[in-house]
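Below is one structure, written out as structure tokens; the observations come after it.
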Amino acid sequence: MNVNPQHGHREPDRTAQSRTAHDRTAQSRPAHDRPAQSRPAHDHRKLGRELDLFDTDPLMGSGLPYWLPDGAAVRHTLEKFIRGRERRAGYRHVYSPVLGKRELYEISGHWAHYREDMFPPMALGSEEVVLRPSLCPHHALIFRSRSHSYRELPLRMAELGGMYRSEPSGVLGGLTRVRAIQLNDAHVFCTPEQAADEAVAALELIREAHAALGIVPVRYRLSLPGAGGKYVADPALWERATALLSDVLERSGVPFEAAEGEAAFYGPKIDVQIADGAGREFTLSTVQVDFHQPERFDLHYIGPDGARHRPVMVHRSVIGSVERVVAHLIELYGGAFPAWLAPVQVVLLPVSDAELPQAERLRQRCLDLGLRAEVAGPERGTLGARIREARLVPYQAVIGAREAVDDRVALRLRNGRRLEPLPAEEAWARIGALVAGCGSELWEDGAAG
Ligand SMILES: [Zn+2]
């Protein structure tokens, strides 16, 4: 809803944007794995509780959800996925603390322009520390802590880290409106000449990640400042950054709309908008070009001329916050995640107690191979009942007396397809390959299939 996972600000009016969003969300479901009946709009809050993905407790507080093991498995997989994509794109990861001294945010400009969204400072001896409202100031300090030559640029610094927003309690709910946010964030420190290429590359990374996750944006938005004093005043820098981002969108060939009043306080941004099942629009991914914070933090690099030069910061988030993207994926797939994201990938179904030891042995083998597997034994009901209970699990491996002797499994796919019994090792190898490729297909019919 209003939480912008990157460098947030309020999105005051969604109603005008909600007309087409629902249809497009429905279209984005992968056709091959869609049940015969069309699904109703899913509510991630309801599904999250039903599927034991996440929950909240009044004693932890509103807007502070916790992740149950199945939700945590989805989250771990997503985090691993995005870090891998980032490494391949030349990013290196850091960790930085979620607290910082108040002075840090005075320098960054958050204190002047964004304080109403921040938690109140905590007194710590003679100092005041604040839960951070964004990761940028920490990354600027990390860049500043070492001297950098132009040869090191673009320097791409990524972190999947925590940030906090003091949302009013009345608006909190599920994973989309939270007070503690885990953001897939990065800052590229580069020369002014490199900034456009870096922003184009970030947009490309966003498009690839969305395609792998099955996410279809409803639109791209060039978010510009509006009236009022929440933006830093430097018209020349705004103009320069806006021209650069317009150029980036043109070069990327994506249609976009400009929207006033949606910029970050320090600069314009490209927002990649998605919609939930009810048609409400959210910002998921962002790309921003920032000339302001490098000035405020007096960042520099040593140019070929031996002199100090000011870098540009490109802020970008590929999948936004893990809260928001998981909420979206829950609704998009109705809990039937692609195999690589599924909390449980393989359920082992011994027909009778006699096959239970073999099921346990195969489960351990799956775990050793990095697959998430569980056994649903006869104590949980008839085979039919257990298959129905495991209907969201992509691979259901039935083990009868003959399979147990032969070390084979009879696979049932989530889409209803049944495969001939095949050697267990071959089944795990083929599932493992599909999972490793982050594909959306449940099975590929090869020579042996
Ligand atoms: Zn940033």
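Just follow the structure's listing: the first ligand is 1, and inside any ligand the first atom is 1. All heavy atoms count here, side chains included; hydrogens, waters and symmetry mates do not.
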Name of whichever N/O/S atom of His187 is nearest to the Zn ion (ligand 1):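 The atom in question is NE2.
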What is the name of the N/O/S atom in His315 that sits closest to the Zn ion (ligand 1)? ND1
Check whether Asp70 reaches the backbone of Pro343 with its side chain - one donor and one acceptor, N or O, closer than 3.5 Å. no
Can you see whether Phe291 has Arg240 sitting over its ring - NZ or CZ less than 6.0 Å from the centre and within 45° of the normal? yes
For His309, check ring-ring contact (aromatic ring centres under 6.0 Å, His included) against everything at least two apart and list the hits. Tyr301
Metal site the Zn ion (ligand 1): N/O/S of Cys136 inside 2.8 Å: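 Under 2.8 Å: Cys136 contacts the Zn ion (ligand 1) through an N, O or S atom.
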Sequence neighbours excluded - salt bridge (charged side-chain N to carboxylate O under 4.0 Å, His left out) pairs with any residue from residues 293-302: Glu295-Arg310, Asp298-Arg308, Asp298-Arg310
